[in-house]
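If you're wondering where the values come from, they're calculated on a predicted model, not measured in any experiment. Both counts, for ligands and for their atoms, begin at 1 and track the order of listing. This chain uses plain numbering: 1 for the first residue, then up along the sequence.
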Amino acid sequence: MTDRPVPAALRWLAALVALCVAAAAISGAVLYAQNLEQIRTHANAITGGDWKRGKTALRRYGCGGCHVIPRLAGANGQVGPDLTGISSRATLAGKLPNGPAAMRLWLMHPQHIDPGTGMPEQGIDEATARDISAYLYAH
Ligand code: HEC
């Protein structure tokens with residue numbers, strides 16, 4: 001069997017298909033990035049914090065030693081609940097209706113809200129609690 005040359009029209013078609021796939025992928029990525037940006041801006045607004053500073057604080061306090069935290073390298077602890085998508089959770093620690101104020105309170109004083117809970121008091125101040133909340137609600 002001999003190799004027949006691919007007709008030019010077919011090559012153009014293949015190129016066109018490849019171009020469409022690439023365009024779809026790029027617009028998908030752009031939409032994804034825009035959506036992510038909106039979610040982050042919203043999270044900053046409702047918490048009065050800054051999700052980027054929150055990320056640094058999550059590392060500093062070693063939260064990932066006890067929790068799985070999305071997009072935080074090495075945060076794969078199994079002591080406490082997975083914090084992925086925490087914004088859609090109804091309650092925090094099964095005690096408080098979930099919301100920015102409750103999240104702040106929980107992060108600052110888990111032992112006051114649920115004495116004896118496995119989550120320690122870490123002396124987190126309000127500004128840091130706002131930043132951490134922003135990160136958690138943005139992911
Ligand atoms: C020593 C382990 C430990 C550390 C460190 C820790 N936590 Fe927790 N955390 C827990 C446990 C255990 C719970 C579950 C408490 C409960 O339900 O009573 C919890 C609960 C939570 C919840 C509520 C989750 C839910 O699904 O209701 C949030 C939010 C949270 N932790 C965030 C953090 C953040 C942010 C840090 C770092 C500042 C942190 N935790 C540090 C153990 C820990």
Close N or O approach (T117, ligand 1; < 3.5 Å)
yes
At what distance is the nearest protein heavy atom to [atom], and which residue and atom is it?
atom                    : value
atom 7 (N) of ligand 1  : H67 NE2, 2.8 Å
atom 33 (C) of ligand 1 : M119 CE, 3.3 Å
atom 21 (C) of ligand 1 : W106 NE1, 3.2 Å
atom 14 (C) of ligand 1 : P81 CD, 3.5 Å
atom 11 (C) of ligand 1 : G80 CA, 3.6 Å
atom 5 (C) of ligand 1  : C66 SG, 3.5 Å
atom 18 (O) of ligand 1 : D114 OD2, 2.8 Å
atom 27 (O) of ligand 1 : A93 N, 2.5 Å

If we only count heavy atoms from C-beta on, is the [X] to [Y] side-chain gap below 4.5 Å?
X    : Y    : result
H139 : W51  : yes
T47  : L136 : no
Q78  : V68  : yes

Option passing side-chain contact (heavy atoms from CB on, under 4.5 Å) with M119 (candidates L107, I113, D114):
L107
NE2 of H112: more than 12 outside heavy atoms within 6.0 angstrom?
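Correct, the count exceeds 12.
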Start with the C-alpha gap between Y137 and N98, add the side-chain angles, then the distance that decides, and say whether side chain to side chain donor-acceptor pair (under 3.5 Å) holds.
CA-CA 11 Å; Y137 283 145; N98 191 2; 2.6 Å; yes
If you count the atoms of ligand 1 from 1 in the order shown, which ones are under 4.0 Å from a heavy atom of [X]?
X    : result
T91  : 27 (O)
R89  : 25 (C), 26 (O)
I124 : 38 (C)
Q122 : 37 (C), 38 (C), 41 (C)
Y61  : 38 (C)
I86  : 24 (C), 25 (C), 26 (O)
L92  : 27 (O)
I132 : 35 (C)

N/O/S atom of C63 under 2.8 Å from atom 8 (Fe) of ligand 1, yes or no?
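It does not; every qualifying atom lies at 2.8 Å or beyond.
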For atom 32 (C) of ligand 1, which of the options I113, L83, L58 provides the nearest non-hydrogen atom?
L83
The one among R60, M103, K95 that brings a heavy atom closest to atom 29 (C) of ligand 1
M103
Close approach of G65 to ligand 1, heavy atoms, under 4.0 angstrom
no
Answer yes or no for D82: is there a heavy-atom contact with ligand 1 below 4.0 Å?
no
Can you get from I69 to I39 by hopping between Ile, Leu, Val, Met, Phe, Trp and Tyr side chains that sit under 4.5 Å apart?
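As far as the 4.5 Å side-chain criterion goes, I39 and I69 are not connected within one cluster.
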Distance, nearest 0.5 Å, that separates [atom1] of [X] from [atom2] of [Y]:
X   : Y   : atom1 : atom2 : value
I86 : L92 : CD1   : CG    : 5.5 Å
C63 : L72 : SG    : CG    : 8.5 Å
L58 : R53 : CG    : CZ    : 13.0 Å
K52 : N44 : NZ    : CG    : 9.0 Å
K55 : D50 : NZ    : CG    : 12.0 Å

Would T128 and D131 satisfy side chain to side chain donor-acceptor pair (under 3.5 Å), going step by step from the backbone distance to the final call?
CA-CA 5 Å; T128 307; D131 293 340; 5.4 Å; no
Would you kindly specify which portion of P110 sits under 4.0 Å from ligand 1, judged on non-hydrogen atoms: side chain, backbone, both or neither?
neither
Applying side-chain contact (heavy atoms from CB on, under 4.5 Å) to M103 and M108, what does each step give before you reach the verdict?
CA-CA 9 Å; M103 175 66 88; M108 291 166 71; over 6 Å; no
